[in-house]
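We name chains A, B, ... by the order of the sequence lines, and we start the count at 1 in each one.
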Amino acid sequence: MAKSNLFSKIKGFVRSDAFIFLLPAIILIIVFYLIPIAVSVYMSFTPLRNWNIQRYIHEFVGFENYWRFFYMVTHDPTVQPIFITTVVFIVVTLIVNVLGGLGLAIATFFMGEKEASGTQLLWLLPRMTPIAVYSMIWYYFFHGSAIGTLNSILMALGIIHHPIDWGQSIIPWGPWMIIIFVNGLVGVSYGMIVFTSAISNIPKELVIAARVDGASNWSITKNILIPLLKWHIVYVTTWQMLSLLTTYDHIFLLVEWGLVNRYWGTTWALYIYNMAFTAAEKDLGLAAAAGVILVIVGAVLGLLALKIMGFDKMVKEPRGDI
Amino acid sequence: MVVVRLVNVTKIFKTGVVGVKDINLTVNHKEFMALLGPSGSGKSTTLYLIAGIYKPSSGKIFFDDRDVTNLPPKDRNIGLVFQNWALYPHMRVYDNIAFPLRIKKLPENEIRKKVLETAKMLRIDKFLNRYPWQLSGGQQQRVAIARALVKEPDVLLLDEPLSNLDAQLRISVRAELKRLQKRLGITTIYVTHDQAEALAMADRIAVINNGRIIQIGTPEQVYSKPATIFVGGFLGNPPMNFVEAEITEEKQGLYMLLSGQKLTVPKHYEPLVRKAGLRKVVVGFRPEDTAVIPECRETGECIKGRVYAVEPMGREYIVVVDLGGDLVKAIVPRSLVLIEDQEVCVCPSLEKLVLFDPKTEKSLETLYAEKT
Ligand SMILES: Nc1ncnc2c1ncn2[C@@H]1O[C@H](COP(=O)(O)OP(=O)(O)OP(=O)(O)O)[C@@H](O)[C@H]1O
Ligand SMILES: [Mg+2]
């Protein structure tokens, strides 16, 4: 009964107009998301190494890769820092991204037009700069020698007398600070843009009305802007969390260039990338298993975030039965 | 106890657009002043200037003798109701009304008392727990008025608050609003583009066009003695008729020639016409002050024409008559049977017609008053 019901539902969907509208998206999802995931899942059950596909592709090892992964997480002292780093990195960077974006959007809302667009452009620069160039800037900024910008400033001010190797010597705070700083700066612009456009959609009469009643900037922010941005905050938080979970490009360069400590500066996503592409012994089965778990964690976190922050409450009952 | 006074107020926007120019307006204590004008005429701009949301480019604004020109809105103690009501969508009705008092940091029990009182007065006390989107347009509008009134403002400013309501509701709310204003005795400025609304509600009307105030007066004055052709054409439904006429002098006095037919210049207008030395005038007469009779006599009081169309309006008919190319309207009783293309005689009431100068489009009275 249930089966034939589902089948007829699918058939009905395929015949409906909605299907035609969704077809391009469905194809994209299948090609760029479902197929790679299926391949990863498949790989995670093989002992694939060093891209030697012909040799290993038909061998199955069951959950062995997953067991190995869990064993490493629980026993390998070089792997454990990766998970601590990932959690700290995501939580702190997320807070910086969302609060920073919100703060900037609201601050520019209360500014004059010129100052506002100048400020926004400034904060978009990290996003517009090529990843390598942008990473290079911070490489020199945090460099451990006396020519590192931060070191030379602090030394000129007499705060320190010897250069500090920020990313290698102050473990784990040094590497954490650098990767959070660099990614935080890039991510702020996303929230800023989403929140700015959301604020510009709030009828300006609402703000004027509050002003006439004597509301201060802070009280307008607290009582009107933030409540009306609630859904956007949920959205940006979820989106940024998922993208932080999977980002590794800046961190990869900073680690490769030796600025940031490999053990306390590598996140889960970078770890998978390294295992699959840069390690001497490329353990692809293990990398795939770690990747599949990352996807599951991401999906669970995403759903959880929407649930906790009340996404369903936000979708309000429409007036009319459309 | 507030008299609102605008003195030579001009607002030019950053884009160079002139919002309003040289506004002089005094709204008396407890007065209900309507600001009437077409779209884009500067009504909202004037209201925002009074509220302090816009700063005038030049000129001064006084509340009584206090110069408020540079005072921020919050220090003016005004209540403002927007065209779209601007209710906070995320707050319940109660919190919407309480908002201005919370900003003032009043104690919560006092807020409660005032909100309930105001809500009861506007008959929305049943909806205090709802969100704005759960209310009908009329109810939302009352919430917006409650929010403006709850802080007991000195001046109430309303920007087309009824324009989102349907015609029926508008008429009932407008009577209600007028009673409320009289009862509370708050100086009120009411922006509208609906002439019927202005005529029905206001103690006085200020007609504004292209950023300038054209006429200020009681509804009666503005309606029957329009200062310009624009005012005559903007008020009334159907509006005033306008026909151009040539002035001729005969032994018995001055006449106006309308498509070759004579109409006597009313006695009280003769000195004005002579003084202005006009060869041509525009004759304005209201449809309801115009009689239509089937037979013409040569009296200098009527003009021959041809029935162009008859529009039944329920209570009466509107006849459109072709006066040698000019279409004019008259309101006639239903008992008068007229058919298209029938020859008729149009007789505007000579006491009530208004003469305008074709060049400046001003009424001769206005022209004369300006010259002296
Ligand atoms: N903030 C602004 N910047 C530039 N021009 C403006 C601004 N606000 C209004 N204007 C212009 O000033 C003129 C008067 O506008 P205003 O809003 O006062 O008209 P209104 O009489 O209220 O019209 P409506 O009945 O359509 O609301 C218009 O030409 C409008 O385009
Ligand atoms: Mg307006």
Side-chain angles (χ1 to χ4, degrees), chain A residues 102 105-106 108-118 194-195 197-236 309-322, chain B residues 14-15 44 47-48 50-54 71-92 95-106 130-137 140 143-145 147-157 159-161:
Chain A
L102 191 61
I106 289 172
T108 49
F109 173 73
F110 288 116
M111 283 180 195
E113 233 166 87
K114 268 199 199 117
E115 296 93 322
S117 56
V194 172
F195 296 136
S197 84
I199 288 178
S200 71
N201 279 329
I202 295 175
K204 64 176 187 308
E205 285 85 359
L206 292 185
V207 177
I208 296 176
R211 271 259 188 275
V212 169
D213 292 337
S216 60
N217 283 356
W218 168 240
S219 134
I220 288 173
T221 303
K222 186 179 61 147
N223 294 309
I224 293 163
L225 298 183
I226 291 187
L228 290 177
L229 291 179
K230 220 154 121 194
W231 152 240
H232 299 88
I233 294 171
V234 172
Y235 163 73
V236 169
M309 292 188 273
F311 175 66
D312 37 354
K313 267 181 269 158
M314 222 95 45
V315 183
K316 85 178 146 210
E317 213 180 307
R319 275 197 86 159
D321 298 321
I322 37 158
Chain B
K14 263 183 261 155
T15 51
S44 297
L47 208 66
Y48 283 14
I50 297 170
I53 296 161
Y54 291 155
L71 231 49
K74 69 179 165 70
D75 298 330
R76 299 190 184 198
N77 196 23
I78 45 164
L80 183 54
V81 178
F82 291 90
Q83 182 166 359
N84 59 4
W85 308 323
L87 298 177
Y88 307 121
H90 57 288
M91 294 184 198
R92 293 176 192 276
D95 299 308
N96 259 287
I97 302 175
F99 188 78
L101 304 179
R102 293 213 169 114
I103 294 292
K104 284 189 179 172
K105 303 222 160 54
L106 257 57
R130 295 208 199 159
Y131 285 98
W133 51 273
Q134 294 168 321
L135 298 178
S136 76
Q140 288 185 44
V143 175
I145 292 177
R147 190 179 63 184
L149 287 177
V150 76
K151 56 178 182 174
E152 293 159 16
D154 292 331
V155 184
L156 182 61
L157 304 173
D159 192 353
E160 311 203 26

Practice item. Check side chain to side chain contact (heavy atoms under 4.5 Å, CB included) between B:Y131 and all other residues, then give those that pass, not counting sequence neighbours. Key: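 Result, side chain to side chain contact (heavy atoms under 4.5 Å, CB included) vs B:Y131: B:R92, B:W133, B:Q134.
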**Study point:** Heavy-atom check, side chain of B:F82 versus side chain of A:I208, under 4.5 Å
**Key:**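 Yes, their side chains come closer than 4.5 Å.
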Check your understanding: Below 4.5 Å, heavy atoms only, C-beta onward: do A:V212 and B:K151 meet side chain to side chain?
Key -> yes
Practice item. Report yes or no: does B:H90 contribute a side-chain atom to a donor-acceptor pair with the main-chain N or O of A:N223 at less than 3.5 Å? Key: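 Checked: pair present.
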With a 4.5 angstrom heavy-atom cut-off, which part of [X] approaches chain A: side chain, backbone, both or neither?
X      : result
B:R147 : side chain
B:Y88  : both
B:L101 : neither
B:I78  : both
B:D95  : neither

Review point. A:I202, A:L206, A:L228: which one forms the most heavy-atom pairs within less than 4.5 Å of chain B?
Key: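 It is A:L206.
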Point to revise | Heavy-atom pairs under 4.5 Å with chain B, option from A:D213, A:V207, A:I224 with the top count | key: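 The answer is A:D213.
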**Study point:** Closest approach of B:K74 to A:R211 (non-hydrogen atoms, all atoms of both residues)
**Key:**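 Answer, listing the atom of B:K74 first, then A:R211: CB-O, 3.9 Å.
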